[in-house]
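Here's the structure we're looking at; comments come further down.
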Number of protein chains: 2
Amino acid sequence: MLAGDTLKTKLRSLGHRCTSQREAIVKAIIDSPEKHLSAEQVYGALSGEESGAAMATVYRTLDLLEQIGILRKVDFGEGRARYEVITESGHQHHHLVCLECGKVQEVRQDLLSALEALVADEYGFEVKDHMLQFYGVCAECKPKSRKSR
Amino acid sequence: MLAGDTLKTKLRSLGHRCTSQREAIVKAIIDSPEKHLSAEQVYGALSGEESGAAMATVYRTLDLLEQIGILRKVDFGEGRARYEVITESGHQHHHLVCLECGKVQEVRQDLLSALEALVADEYGFEVKDHMLQFYGVCAECKPKSRKSR
DNA sequence: CTAGATGCAAAAAGTTTGCATAAGA
DNA sequence: TCTTATGCAAACTTTTTGCATCTAG
């Protein structure tokens with residue numbers, strides 16, 4: 001998941017500079033348990049560090065890293081964007097969003113290749129990426145929700 | 001798609017009033033060619049009408065209608081929410097979002113039942129709804145994008 | 001050295017809220 | 001009539017932008 005200098009290499013090859021803030025921001029996402037951080041959370045994660053970044057820098061960096069294909073912007077309908085690191089093989093990133101506890105779990109399977117082909121066929125739509133979220137109740141919340149609901 | 005008095009009936013049965021604004025807001029979405037309107041667009045659609053609504057009312061109404069199951073909030077990562085009318089048979093609503101022209105096309109097929117079963121099985125996740133968007137280039141933009149890109 | 005990046009503060013954009021007034025039922 | 005809904009304006013939250021300063025290369 002994002003080899004040591006892939007970031008620097010990619011930035012440099014596109015005429016951007018590799019700054020301590022940019023490195024720290026990517027690191028913050030990789031090191032987070034959730035792997036899907038909002039700008040606010042990224043900012044918070046760096047606030048102690050020596051290479052802290054201003055909010056404006058966080059936003060500008062997240063935008064840039066999204067544009068050059070390092071990060072992907074995801075939206076779980078919370079009124080704020082989240083970002084995740086793009087890994088090797090493509091778009092096998094689906095999310096299970098728990099409506100009870102808010103936890104987001106990843107599904108690492110290629111569920112959609114067949115559907116993408118179908119969409120290309122039937123609609124003449126050239127799929128470049130997709131976003132699939134399942135909303136429901138996660139395994140941990142299911143026992144609890146039986147009583148409460 | 002939303003029979004004549006379903007709205008009034010549903011509102012009344014839950015102790016809400018059926019106001020001209022609420023009717024107009026649902027009508028605006030149904031009558032729109034896109035079928036996925038943002039709050040701003042709903043507001044704009046009503047601005048000429050006799051039953052125009054203030055922005056605050058639009059937001060409050062969209063929230064309410066979402067909560068009582070008349071509308072569904074969708075998010076295409078544009079930094080603003082959109083709303084669509086929920087129709088009969090459930091969640092067979094997938095979207096093809098064109099990255100060139102921004103147009104959103106609906107796919108009316110049940111593509112995910114199999115996947116939902118798989119997710120329930122493998123992750124113990126009880127799926128209540130899902131959200132699937134394909135991002136790419138639509139049939140109309142494909143010829144154009146060949147030259148420009 | 002020099003273009004590109006950062007920080008700070010101000011401004012946008014989208015959404016929410018308080019309160020007096022209007023209007024369904 | 002009486003409670004819920006609306007309008008208006010102000011407040012909040014998230015994201016963007018201008019500009020002087022700093023820094024990677």
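By convention in this document, chain letters (A, B, ...) are assigned in the order of the sequence lines, proteins followed by strands, and residues within each chain are numbered from 1.
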List, one per line, each side-chain donor-acceptor pair under 3.5 Å for residues 75-83 of chain B, sequence neighbours excluded.
from: B/D75; atom 1: OD1; to: B/G77; atom 2: N; distance (Å): 2.9
from: B/E78; atom 1: OE1; to: B/R82; atom 2: NE; distance (Å): 2.7
from: B/E78; atom 1: OE2; to: B/R82; atom 2: NE; distance (Å): 3.3
from: B/E78; atom 1: OE2; to: B/R82; atom 2: NH2; distance (Å): 3.2
from: B/R82; atom 1: NH1; to: B/H36; atom 2: O; distance (Å): 2.5

Ignoring hydrogens and geometry beyond distance, is a side-chain donor-acceptor pair present between B/H130 and A/Q133 at under 3.5 Å? no
Quick test of your reading of the model: are A/E126 and B/K142 salt-bridged, counting only N-O distances below 4.0 Å?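 B/K142 and A/E126: not salt-bridged.
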Atom pair CD/CE of A/E40 and A/M55 - distance to nearest 0.5 Å: 4.0 Å
Atom pair distance, as rounded to whole Å: CZ in B/R22 and C1' in C/dA25: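 Distance check: B/R22 CZ to C/dA25 C1' gives 13 Å.
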For atom CD of B/E50 and atom P of D/dT6, their distance in whole Å: 15 Å
Quick check on contacts: within residues 75-83 of chain B, what sits under 4.0 Å from DNA chain D by heavy-atom distance? none
Output a table of donor-acceptor pairs, distance under 3.5 Å, between side-chain atoms of residues 11-22 of chain B and any protein atom two or more places apart or on a different chain; print 'none' if there are none.
from: B/S13; atom 1: OG; to: B/T9; atom 2: O; distance (Å): 3.4
from: B/S13; atom 1: OG; to: B/K10; atom 2: O; distance (Å): 2.9
from: B/T19; atom 1: OG1; to: B/R22; atom 2: N; distance (Å): 3.2
from: B/R22; atom 1: NH1; to: B/R17; atom 2: O; distance (Å): 2.7

5′-ward residue of the pair B/S38/B/Q21 relative to DNA chain C: B/S38
Atom pairs under 3.5 Å: protein N/O with N/O of nucleotides 16-18 of chain D:
from: D/dG18; atom 1: O6; to: A/R60; atom 2: NH1; distance (Å): 3.3

OP1 or OP2 of D/dA5 versus the side-chain N and O atoms of B/T57: is any pair under 4.0 Å? no
Protein and nucleotides 23-25 of chain D: nitrogen or oxygen contacts under 3.5 angstrom:
from: D/dT23; atom 1: O2; to: A/R17; atom 2: NH1; distance (Å): 3.4
from: D/dA24; atom 1: N3; to: A/R17; atom 2: NH1; distance (Å): 3.4
from: D/dG25; atom 1: O3'; to: A/R12; atom 2: NH2; distance (Å): 3.4

Partners meeting side-chain hydrogen bond (donor to acceptor under 3.5 Å, both in side chains) with A/T57 (sequence neighbours left out):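 Residues passing side-chain hydrogen bond (donor to acceptor under 3.5 Å, both in side chains) with A/T57: none at all.
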